[in-house]
Amino acid sequence: MYRIKKQDFSKIIDELIKTGNRIISYSNNGNDFKRINSSNELSINSNFKPSKLSLKEIVFPKTEPLFYYKRTNDNVELKDIKFDSEKTIIIGAKPCDAKAFSTISKVFNWDYKDNFFNSKYENTIIIGLKCDYKDEYCFCNEVGLSQSSKEGSDIFIELDGDDYFIYILSEKGKNLFQPFMSYLIEEIKESKVDDIDKIIDLNKVRTWITDNFDSNFWYSISQECLGCGKCAFICPTCHCFDIVDENYTYFEGRRMKNWDACQFGKFTLHASGHNPRDIQAKRYRQRIAHKFKYYFDKFDELLCTGCGRCSRECPVSINIFDVIKEINAK
Amino acid sequence: METNINFEPKIIAFVCNWCTYTGADLAGTSRLKYAHNVRIIKLPCTGRIDPLFIIKAFEKGADGVLVSGCHPGDCHYTSGNFHARRRWILFNQLLNFAGIDNRRVHFSWVSASEGRKWVDVINEVIETVRKAGPFVGYSKMNKEYVYNE
Amino acid sequence: MNNLYNIAKDLFSTNKVDLIIGYKSIDSKRTKPIFVSSNEDVDHLVFNEYSLNNLSVYLTRKDIKKYNKIGILAKGCDIRAIVQLINENQIEREKILIISKKCNGVVKDFGLEYNEENIAEKCKSCKVRTPKVFDLMIDSEEEKKLPEPTISSRVNELDSMTPEERFEFWRNEFSKCIRCYACRQACPLCYCERCIVDKNIPDWIESSPTQRANFSWNLIRAFHLSGRCIGCGECERVCPVDIPLSLLNAKMGIVTFKEFNYATGMEIGEPTLVGNYSNEDNEDFIK
């Protein structure tokens, strides 16, 4: 690990901007994030609440074209999308957000290597930041993370007075900082192990979910759910998408990939008219089961990083951590 | 404005079958000339016209929209145009508030015998839209749909 | 004593209701909807300046409609939604028991302290702080003066821009939209079983969150609510990207009042605005 002065870090960022990298930083109040054009706009603050929208937009945009098509008299011409993603560096990602990238990367490289995702993810470098924020909606420590978890980050920084402590964790991170090693001062620091006091037994939760598919519990915890889909859209790990063809003229159009949410009423509506998840209770059960059982069964990881966004932002204040606590207590 | 002289606006006209369409037909049989910039879409009644059609016309590249039907009291379906009129009062102001103002969206009552009025209305609409220029706001939004090498 | 606990207990013990939709406290500054179907959970019910949700959104749900008599905690603004739903024949007056109170405003969003700075904008210009339509009234403080509203000056600011500037303003705002449909789901008057945006043959409103389609969606939703929106502000509160939807709805509220002397949801039995017409409707904008 290394120590670096804040102003030297800013110099590195300016240099990276000059060499054509896209730098993403949080806004001044941490509510959202944007591309910055100089290190003056950097906003690195470990006390920020998780931003309203997650960072997944950077590797999994809310809408993107898959290909363009044009109909001619007796044929269809297809034009593929060229993958030319900008080199992107995210600065100050919370551990709950950084981990999410590596979590969803598993499903996008499972039975099919999704180049729409991979081309962006491979060109993205995540600089994580130790988090000093905690409210009653956060539960990252319950799902295997912590405020100083480095999982998912290529580079990890911790604030230390006028300096940062930098951990260079991956090949990508090493290559990025190669030309700037002169700014870095090697230093060994005692790694303080976070006091993780867990109250949830995730195995127990998973077993209960498996054995209680038809329980009335799912109805009682989701009665107030509006089925709006906000939770899925702002979640850093939710990745369902819809594919539609959009005709712009009679002859031309594009195939688009858009965000979708299992909470929508028509998410599982079949062309026959049958809807296996016809009531909100079944849809909410799907959300919990996917995050805390199905994804684990398949990839040995939870599809939740404990960021708490869904609970904070839910219009009717459904708290996912409360749901898990209730299952844990059964 | 110099830049608008060569601009040929694209106008879509949503008209009702019984009055305005017939009126436009009369203009044709009377050999009354009017500018070519308009494409007419025939509907059974102005009551059928969903304000969504107006937005869709702009999405597809129209620079101006005209909606026209029977005079109040003359509707073939008795009250279709009354319902339409109330809708238009609301939609017109909503569109105006969103930046699509009355230079681009026009409404008229043209009866089956008013061939001359049809020609006057169309020509007025075309000139007003020509002065307003191409609908830059929408064409900016439409750029992403075109494949660029 | 007309406090909430006694009223609710009494309603259940005399079988006047079989469900009460109310609020429950989750912490000192946040409440959430709760469905109470027996005396057991009555002590969870609260009704205070943190009761933000418009509970009338649940009245059009199939699983709620099967109850025979539904009690509902409703602020003045929420009652307007209930009245409008009755006027649009979506719920029956006899099935609803409205429990209300004099209102001194609610906070803008969850987690904020109730004070002058944090009062929701809609409360500042509210005309139904003492509701006129209700069944039972809970004791509460007298009405007190709230800060001056700023919504009409913001609408006027937009009105004074050129059309191109307005278009650019809205294009910019709507480009943030992610089409989560939280606005639609939270709105008590968006009860269509199949929304226009769900119909994709033909594809009237494209489902992709592109700028063009977002513009279309937000504008058409504003139109479908013209003359029906009661200004509860839920749509703006739930929007994850902070689109100023209340500006659109406020403008349409001003227009419907100016043109038709109509305010949504004030009187039961009042004919709906867009479902009717008059020979006196203004047509000076029609050639």
Side-chain angles (χ1 to χ4, degrees), chain B residues 46-47 50-56 58-60 66-69 71-73 79-110 117 120-122 124-125 132-133 135-145, chain C residues 155 158-159 161-171 173-175 196-197 199 202-206 208 210-220 222-228 247-252 254-256 258-260 273-279 281-287:
Chain B
T46 43
D50 189 332
L52 183 49
F53 299 175
I54 302 179
I55 299 256
K56 206 72 188 160
F58 285 118
E59 263 189 24
K60 296 287 188 187
L66 166 68
V67 180
S68 181
H71 287 266
S79 56
N81 57 353
F82 286 129
H83 286 288
R85 178 173 62 184
R86 187 164 268 207
R87 255 180 248 145
W88 296 347
I89 293 172
L90 295 171
F91 199 61
N92 191 26
Q93 304 226 27
L94 178 63
L95 278 179
N96 197 358
F97 190 61
I100 305 173
D101 61 306
N102 277 111
R103 292 171 305 163
R104 301 202 179 273
V105 183
H106 301 260
F107 302 90
S108 68
W109 302 133
V110 173
K117 180 173 181 191
D120 292 339
V121 165
I122 281 289
E124 184 193 330
V125 167
F135 203 162
V136 174
Y138 256 105
S139 48
K140 261 204 270 194
M141 297 200 291
N142 279 334
K143 277 212 176 75
E144 63 172 298
Y145 298 92
Chain C
V155 169
L158 267 176
D159 276 332
M161 293 185 195
T162 68
E164 283 79 11
E165 285 170 345
R166 277 202 293 274
F167 190 92
E168 190 54 34
F169 173 82
W170 287 113
R171 188 190 65 78
E173 293 292 344
F174 295 147
S175 66
I196 182 102
V197 76
K199 298 182 188 171
D203 200 12
W204 282 118
I205 303 178
E206 292 150 359
S208 306
T210 55
Q211 283 188 19
R212 181 174 90 180
N214 290 347
F215 199 93
S216 200
W217 160 244
N218 283 286
L219 215 57
I220 292 302
F223 175 69
H224 283 189
L225 287 166
S226 301
R228 304 172 59 236
L247 284 177
L248 274 172
N249 294 324
K251 171 72 180 175
M252 290 322 286
I254 294 171
V255 165
T256 54
K258 193 172 75 155
E259 298 279 349
F260 303 103
L273 184 68
V274 199
N276 293 282
Y277 61 86
S278 152
N279 291 326
D281 282 343
N282 173 25
E283 52 175 52
D284 54 12
F285 64 98
I286 304 177
K287 293 191 238 294

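Labels below follow one simple rule: chain letters A, B, ... track the order of the sequence lines, proteins then strands, and each chain is numbered from 1.
Looking at heavy atoms from C-beta onward, Leu95(B) lies out of side-chain contact with Phe223(C) at the 4.5 angstrom threshold. At a threshold of 4.5 Å between non-hydrogen side-chain atoms, the residues Asp281(C) and Phe82(B) do not count as touching. Side chains of Ile55(B) and Trp204(C) form no contact here, defined as non-hydrogen atoms less than 4.5 Å apart. Under the 4.5 Å side-chain criterion, counting only non-hydrogen atoms from C-beta, Arg212(C) is in contact with Asn142(B). Under the 4.5 Å side-chain criterion, counting only non-hydrogen atoms from C-beta, Arg86(B) is in contact with Asn276(C). In this structure, the side chains of Ile89(B) and Phe285(C) come closer than 4.5 Å at one or more pairs of heavy atoms. Contact annotation: the side chain of Leu219(C) never approaches that of Pro51(B) to less than 4.5 Å [non-hydrogen atoms, C-beta and beyond].
Using a 4.5 Å cut-off between heavy atoms, Phe260(C) touches chain B through its side chain atoms alone. Looking at Val125(B), only its side chain comes within 4.5 Å of chain C, counting heavy atoms on both sides. The contact between Asn96(B) and chain C is made by backbone and side chain atoms together, counting heavy-atom distances below 4.5 Å. Using a 4.5 Å cut-off between heavy atoms, Asn249(C) does not touch chain B at all. Residue contact with chain B, scored on non-hydrogen atoms closer than 4.5 Å, is absent for Ser175(C). At a 4.5 Å heavy-atom cutoff, Asn218(C) makes no contact with chain B through either its backbone or its side chain. Thr162(C) does not touch chain B: none of its heavy atoms, backbone or side chain, sits under 4.5 Å away. With a threshold of 4.5 angstrom between heavy atoms, Gln211(C) approaches chain B through its backbone and through its side chain.
The aromatic rings of Tyr138(B) and Phe215(C) stand perpendicular to each other, their planes meeting at an angle above 60°, with 30° marking the opposite boundary. In this pair, Phe135(B) and Phe167(C) present their aromatic rings tilted. The plane angle is within the 30 to 60° band.
Of the possible donor and acceptor atoms, none in the side chain of Arg166(C) sits under 3.5 Å from a partner among the backbone N and O of Ile100(B).
The nearest pair of heavy atoms linking Ala98(B) to Trp170(C) is CA-CD1, 3.6 Å. Taking each heavy atom of Gln93(B) and Val255(C) in turn, the nearest pair found is OE1-CG2, 3.5 Å.
With respect to Lys140(B) and Glu164(C), no salt bridge is recorded, no charged nitrogen being found less than 4.0 Å from a carboxylate O.
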Residue pair Glu283(C), Trp109(B): steps toward the side chain to side chain donor-acceptor pair (under 3.5 Å) verdict: CA-CA 10 Å; Glu283(C) 52 175 52; Trp109(B) 302 133; 3.3 Å; yes
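Val274(C) pairs by the side chain to side chain contact (heavy atoms under 4.5 Å, CB included) definition with Arg87(B), Leu90(B), not counting sequence neighbours.
Within 6.0 Å of atom NZ in Lys60(B), more than 12 heavy atoms from other residues, nucleotides or ligands are found, so the atom counts as buried in its surroundings.
Between Phe97(B) atom CZ and Leu158(C) atom CG the span is 4.5 Å, to the nearest 0.5 Å. Rounded to the nearest 0.5 Å, atoms CZ (Arg171(C)) and CE (Met141(B)) are 7.5 Å apart.
Options Asp159(C), Thr210(C), Leu248(C) differ in how many heavy-atom pairs under 4.5 Å they form with chain B, and the most are formed by Thr210(C).
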